[in-house]
Amino acid sequence: MVADRVSLKLKNCLSELSTLGSCLEQLGVALGLSSKTLFEISLSMEELFSNIISYGYTDDAVHWIKVAISHEDGMLIIRLEDDGIPFDPLKAEEPDCKCPIDQRRIGNLGIHLTKKFMDDMVYERRGNINIVTVKKKITVR
Amino acid sequence: MEVVEKKQNGICILGLLGRLDSNTSPEFEKKIFEVIEDGTKSVIVDFESLDYISSAGLRVLLKATKQLKRSDGKIVLCSMKEYIKEVFEIAGFVSIFPIVSSVGEAVEEF
């Protein structure tokens, strides 16, 4: 694998998470990322990916989700493209992380964590494609 | 992922190994709910050998603790890696779960 640029095409099923996970692990080794940084990236990718496959599609057909990873100027840049229904994760309602346990709901927690762990997150809808681009500061060893 | 179950003085200790993600959390959910349905009220989840957790894992823990609360039971979490504890802090779960540094300390919570 070339460390500078990685492209993946994943099917819309959860088992593809292991493909994504091992790709990120290889990238972590190639770039010498700390285990904490790699963890934060892996978690964010899982949250975005699982959101797409859980809520993005209204049919049972196989859909492809494109993932492109690159880095420049100390930033890791990950771009996800899917042809699901329009969904802007930045507009997702913030979860209430302070209310008592009985009223606590798990919804949107994944996006909340992703926003915290990533330094930048941009959404755009181009034609029938959702494009989410996240960036994270990294120290390349 | 693997879940190792141990019993100690009526406390059930579930040790998690590997990754608790969207793929593996249904397995953990099944296990912890079996334990609760068996009538166990005191549960320790040992994170010592857990390398990864996502919101799917948090969801199972929240659901389980809500269920246990109905029977006056409790879940205590222990031995978390620092970066995993950060997830609990960001999610606001530190106010829901007692989180301690060892199984020994977790036992003291009951």
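Order of the sequence lines fixes the chain letters, A, B, ..., with proteins taken first and strands second; residue numbering starts at 1 for each chain.
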Which other residues belong to the hydrophobic cluster containing Ile85(A), where Ile, Leu, Val, Met, Phe, Trp and Tyr are joined when side-chain heavy atoms lie under 4.5 Å apart, directly or via other members? none
Using every non-hydrogen atom in the two residues, find where Tyr52(B) and Leu43(A) come nearest and quote the distance to one decimal. OH-CA, 3.2 Å
Within residues 92-109 of chain B, contacts to chain A at heavy-atom distances under 4.5 Å involve Gly92(B), Phe93(B), Ser95(B), Ile96(B)
What part of Lys116(A) gets within 4.5 angstrom of chain B, counting heavy atoms only: side chain, backbone, both, or neither? side chain
Might you confirm whether atom CD of Glu93(A) has over 12 heavy atoms from other residues, nucleotides or ligands at distances under 6.0 Å? no
Rounding to 0.5 Å, atoms CG (Asn108(A)) and OG (Ser55(B)) come to a distance of 9.5 Å
Can you say whether Asp102(A) sits under 4.5 Å from chain B via the side chain, the backbone, both, or neither, judging by heavy atoms? both
With a 4.5 Å cut-off on heavy-atom pairs, point out which of Lys69(B), Glu82(B), Lys81(B) contacts chain A the most. Lys69(B)
In terms of hydrophobic clustering (I, L, V, M, F, W, Y; side-chain heavy atoms under 4.5 Å; direct or indirect links), are Ile111(A) and Ile53(A) co-clustered? yes
Look at Lys36(A), Glu40(A), Glu47(A) and state which one has the largest set of heavy-atom pairs under 4.5 Å with chain B. Glu47(A)
Distance-only check: which donor-acceptor pairs under 3.5 Å involve side-chain atoms of residues 56-66 of chain B, not counting sequence neighbours?
unit_1: Arg59(B); atom_1: NH2; unit_2: Glu29(B); atom_2: OE1; d: 2.9
unit_1: Lys63(B); atom_1: NZ; unit_2: Glu29(B); atom_2: OE2; d: 2.5
unit_1: Lys66(B); atom_1: NZ; unit_2: Arg104(A); atom_2: O; d: 2.7

Quick check: are there more than 12 heavy atoms from other residues, nucleotides or ligands sitting under 6.0 Å from CG of Asp59(A)? yes
Name the region of Phe49(A), side chain, backbone, both or neither, that has any atom closer than 4.5 Å to a heavy atom of chain B. neither
Do Ile77(A) and Leu20(A) share a hydrophobic cluster (ILVMFWY, side-chain heavy atoms under 4.5 Å, transitive)? no
Please answer: with hydrophobic residues joined when any side-chain heavy atoms are less than 4.5 Å apart, are Leu80(A) and Val62(A) in the same cluster? no
Applying a criterion of heavy atom separation less than 4.5 Å, what residues of residues 11-27 of chain B form contacts with chain A? Arg19(B), Asp21(B), Ser22(B), Asn23(B)
If Ile, Leu, Val, Met, Phe, Trp and Tyr residues are connected whenever their side-chain heavy atoms lie under 4.5 Å apart, and connections chain through other members, are Val76(B) and Phe88(B) in the same group? no
Evaluate the ring planes of Tyr83(B) and Phe39(A), with Trp represented by its six-membered ring, and classify them as parallel (under 30°), tilted (30 to 60°) or perpendicular (over 60°). tilted
Applying a strict under-4.5 Å side-chain criterion to I, L, V, M, F, W and Y, I'd like to know whether Leu68(B) and Val35(B) cluster together. yes
Name the region of Ser44(A), side chain, backbone, both or neither, that has any atom closer than 4.5 Å to a heavy atom of chain B. neither
